Visitor: 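After the structure tokens below, expect a handful of questions from me.
Since the model is a prediction, treat every value here as computed from it, not as a measurement. Note that these values count all heavy atoms, side chains included, but never hydrogens, waters or copies made by symmetry. Residue numbering restarts at 1 for every chain, and letters A, B, ... go by the order of the sequence lines.
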Amino acid sequence: MIDKRVESLASAVADICDGATVMVGGFGEAGSPIELIHALIDQGATGLTVINNNTGSGEVGLAALIKAGRVAKMICSYPRSLNSTVFPELYKAGKIELELVPQGTLAERIRAGGAGIPAFFTATSVGTPLEIGKEKRTFGSREYVLEFGLSADFSLIKCKRADPYGNLIYNKTARNFGPAMAMAGKVTIVQSESIVPAGEIDPENIITPGIFVNRVVLVENPQHESALVAAGVSYP
Amino acid sequence: MIDKRVESLASAVADICDGATVMVGGFGEAGSPIELIHALIDQGATGLTVINNNTGSGEVGLAALIKAGRVAKMICSYPRSLNSTVFPELYKAGKIELELVPQGTLAERIRAGGAGIPAFFTATSVGTPLEIGKEKRTFGSREYVLEFGLSADFSLIKCKRADPYGNLIYNKTARNFGPAMAMAGKVTIVQSESIVPAGEIDPENIITPGIFVNRVVLVENPQHESALVAAGVSYP
Amino acid sequence: MSPEMSNSEIIGRTRDEMAKRVAQDIPDGSYVNLGIGIPELIAKFVPEGREFIYHTENGLLGMGPSPAEGEGNPELINAGKRQVTALPGASYFHHPDSFAMIRGGHIDLCVLGALQVAKNGDLANWSTGGPDAIPAVGGAMDLVAGVKCIFVVTQHCTKQGSPKLVDECTYPLTGPGVVNRIYTDLAVIEITPRGFQLIELSPGVSFEYAQERTGAPLLPIAP
Amino acid sequence: MSPEMSNSEIIGRTRDEMAKRVAQDIPDGSYVNLGIGIPELIAKFVPEGREFIYHTENGLLGMGPSPAEGEGNPELINAGKRQVTALPGASYFHHPDSFAMIRGGHIDLCVLGALQVAKNGDLANWSTGGPDAIPAVGGAMDLVAGVKCIFVVTQHCTKQGSPKLVDECTYPLTGPGVVNRIYTDLAVIEITPRGFQLIELSPGVSFEYAQERTGAPLLPIAP
């Protein structure tokens, strides 16, 4: 019978292997699955390609994973947030690769990866340095660039409520990349603030249907990145 | 100030012009905006291109619009439903054009039209007669065809509840094409079973944000196509 | 025509028995899309100890059985436009999301009917290609292009007695090389690089009987 | 440098006055995306009798003002990652849907800051292109490619006194020919096929004063 709950953060991320591509949900701290990322640091996988809108802040969560030297390449739209120092230093030192993708193109590429669309055209980045190397084509009177779907070996996301089938709802603007990354991850691992019996979430209100989710782990009181950064916490 | 409610079905569809492209929501009878379609029949616009998954049944709703000779072309995936006689007769007589599109490709083309994506690649229809005339390309080891975004001058959809900003929720499987067509219509016209004050629909549960909606008209007790067909009703 | 073929006695599995046989091969926890016709019957035969989640492409995951008489809802239907129910844990979604499930490879298994299946796995199930036919494809091409594993369940022959399992499809394809297994009234057959590999004969059906009704060689079960 | 340019007296509009001036040109009922910096101030100045709906690309339509001290929620933020509120009628959505609003042409107006604007409407606002700069683009390229009308609000000159309104951008572009209007401390300027068309000078600013601080000809207001 179907029950996607796993007992611990450690077991949830146990099979993430060296060199894996990992999508990490969140926009800034909203929706960032800090506890799953910390479990991944403890687990030790390295040489990762990480897809996230940002590069974390302070020395916790995603920034801590980067600081620990586990990330070979970031695919993101904005690696220069407030309190983001770990990535810039490694980047300037040539120790981490960056693929810069406009935010909407990033979101659409992730959705495409999850929806079986290998490539699509978009007007974003036409006439800018980010069009370099991209195939261009005119439709109607306008130029577009070809962009490719993105998928991942694993997606780590955070939600507000889940059920044992992996149906999810999110909290406010913490929803952001979660639903698309759940679709695009071969294995989608979710930390949820609560887990309720099947049927308790109104089927009209489910944002991520369970078909996109493989594992759910309960993290009842997740930490807030900004509070950790303000307190000067450095993980581990 | 923003209030998208309009007084009557007639005023909601008043500006649909001859030759317009009109998306009509619904999968079979679920989600079919029968009252808006009947208002469009009364209004008289002709030479329409209509996008719907099917072609209606009996002689009410979409089938009645087709029977009245107002539809020059149908874009759909399945024009051969139970009790569908109007379209087959006109089609065999060469009096209506058909563009047959696989259902998922139709849904994705409509979403693309609403999302500013002029074209995308998909594996659906590769190696079948429906690939004829389509550009093909290999990504990885697989062949795909290029499909184009679809948009419309008007979209007519049905929902369960709306607010004056045009935020919408739907009912069960009647949701189907509504959200994508709301995005892809230059003017999106909605019939809703109830209209509540702004803020009464939980912002977490809104399926179609009001930005995609132009007009909302109250139809408290919409008719069911199957009941009309069973009763032998023919509109007008 | 052999004497057996004109025999009015029922030989091989009934529709319900075919559906039940398919269900035995569906792994626990599978996300399954069932086509219209015999595939719909499979939902009645979930084996003890297993759970399948049914997807219907018009926008529901967790589809349950037909409602009791008079309790249906015309806005809760399946892809065949028949009224259904939603089980605890079900979810509703719109068409682009529903077909993202299909086209993105998230559905584990799809069971479809067929007009013809070729020995290389080509499937024809949407059109006879007749000049007078109204073409109608629905979600069939999306399903065969996107779902990981495609089972076909069908009568072995048409009502006129012609084989549906053929050397090469004469009807327009739904998808090339997409079928994994075929369940008929007479046999269970796997598509392999060498062609139709017999897996199992239905009770009371001989190899020769099945072969006579198949339009390409049946590879016998390895001894 | 002219004597005026070294004048420490404030000439022209303050940041708040610039924001208020932009707000006057936004039609009632507009769906508006506000960039980070001066654009954020516009929300304070909705003219009497009008209603704007603010979109923030991280996933909220109907964004309201900052929360009262201590009442914020770290999971209710805007694109600048600042805590905000949601007004009645607001809705939350995921990133692909949010950028479908932007890229699909559904947002009426976007107000952005700028490093440079060229006389043909080219905008540079994401990178100075320096060899040591960490490139970071966020949603800026999506906004200028997708939103119907792009307003820029910016100081007329850099802190060093160089014009930001230029003949040709030297910084990497965010988008070519995308800007419709520019609101600065000194003037309101429309991009036309002929170049920078002056619409309005700020109180106390002369044409010559504004022209001296502009890197391309300012077309005077038609008499």
Visitor: Where do C:Phe99 and B:Leu106 land on the side chain to side chain contact (heavy atoms under 4.5 Å, CB included) test, with the steps shown first?
Guide: CA-CA 10 Å; C:Phe99 281 86; B:Leu106 182 64; over 6 Å; no
Visitor: Taking side chain as everything from C-beta outward and backbone as N, CA, C, O, which of these in B:Tyr91 sits under 4.5 Å from a heavy atom of chain C? Side chain, backbone, both or neither.
Guide: side chain
Visitor: Shortest non-hydrogen contact from C:Ile134 to B:Lys92?
Guide: CD1-CE, 3.9 Å
Visitor: Measuring heavy-atom distances to chain C, does B:Ser32 have an atom under 4.5 Å in its side chain, in its backbone, in both, or in neither?
Guide: neither
Visitor: Grab the two heavy atoms, one from C:Ala145 and one from B:Arg142, that are nearest each other, plus how far apart they are.
Guide: O-NH2, 2.8 Å
Visitor: To the nearest 0.5 Å, what is the distance between CD on B:Gln103 and CD1 on C:Ile102?
Guide: 7.5 Å
Visitor: If you take all heavy atoms of B:Ala107 and C:His95, which pair is closest and at what distance?
Guide: CB-CB, 3.7 Å
Visitor: Looking at B:Lys95, I'd like to know if its NZ atom is crowded, meaning that more than 12 non-hydrogen atoms belonging to other residues, nucleotides or ligands lie closer than 6.0 Å.
Guide: no
Visitor: Check the pair C:His94 / B:Arg111 against side chain to side chain contact (heavy atoms under 4.5 Å, CB included), numbers first and verdict last.
Guide: CA-CA 11 Å; C:His94 58 52; B:Arg111 180 191 176 274; 5.9 Å; no
Visitor: Which heavy atom of B:Ala30 sits nearest a heavy atom of C:Pro74, and at what distance?
Guide: CB-O, 3.7 Å
Visitor: Could you check which of C:Pro135, C:Gly138, C:Ser98 has the highest count of heavy-atom pairs closer than 4.5 Å to chain B?
Guide: C:Gly138
Visitor: Roughly how far, to the nearest 0.5 Å, is the CG atom of B:Leu130 from the CG atom of C:Leu173?
Guide: 11.0 Å
Visitor: Roughly how far, to the nearest 0.5 Å, is the NZ atom of C:Lys81 from the CG atom of B:Asn83?
Guide: 11.0 Å
Visitor: Name the region of B:Phe87, side chain, backbone, both or neither, that has any atom closer than 4.5 Å to a heavy atom of chain C.
Guide: side chain
Visitor: If I take atom CD from residue C:Gln83 and atom OG from residue B:Ser226, how far apart are they, to the nearest 0.5 angstrom?
Guide: 7.0 Å
Visitor: Is it true that, when you exclude B:Glu135 itself, more than 12 heavy atoms of the residues, nucleotides or ligands shown sit nearer than 6.0 Å to its CD?
Guide: yes
Visitor: For C:Gly59, is there any backbone N or O sitting under 3.5 Å from a side-chain donor or acceptor partner on B:Thr173?
Guide: no
Visitor: If you measure from the Lys or Arg side-chain nitrogens to the Asp or Glu carboxylate oxygens, is any gap between B:Lys158 and C:Glu75 under 4.0 Å?
Guide: yes
Visitor: So which part of C:Tyr92 gets closer than 4.5 Å to some heavy atom of chain B, the side chain, the backbone, both or neither?
Guide: both
Visitor: Go through the atoms of C:Asn73 and report whether side chain, backbone, both or neither lie under 4.5 Å from a heavy atom of chain B.
Guide: side chain
Visitor: Looking only at non-hydrogen atoms, find the nearest pair between B:Leu100 and C:Trp126 and report the distance.
Guide: CD2-CZ3, 3.7 Å
Visitor: Other residues, nucleotides and ligands only: do more than 12 of their heavy atoms fall within 6.0 Å of NZ on B:Lys134?
Guide: yes
Visitor: Given that the side chain runs from C-beta out, which part of B:Leu98 has a heavy atom under 4.5 Å from chain C: side chain, backbone, both or neither?
Guide: side chain
Visitor: Taking it one step at a time, do B:Thr105 and C:Arg103 satisfy side chain to side chain contact (heavy atoms under 4.5 Å, CB included)?
Guide: CA-CA 9 Å; B:Thr105 296; C:Arg103 294 150 63 113; 3.0 Å; yes
Visitor: Quick check on the interface: out of C:Leu60, C:Thr56, C:Ile77, who has the most heavy-atom pairs with chain B under 4.5 Å?
Guide: C:Ile77
Visitor: Specify which of B:Ala180, B:Gly26, B:Pro88, B:Gly178 makes the most heavy-atom pairs with chain C at under 4.5 Å.
Guide: B:Pro88
Visitor: Chain B heavy atoms under 4.5 Å from C:Thr174: which part of the residue, side chain, backbone, both or neither?
Guide: backbone
Visitor: Calculate, to the nearest 0.5 Å, the distance between atoms OG1 and CG belonging to B:Thr124 and C:Asp142 respectively.
Guide: 4.0 Å
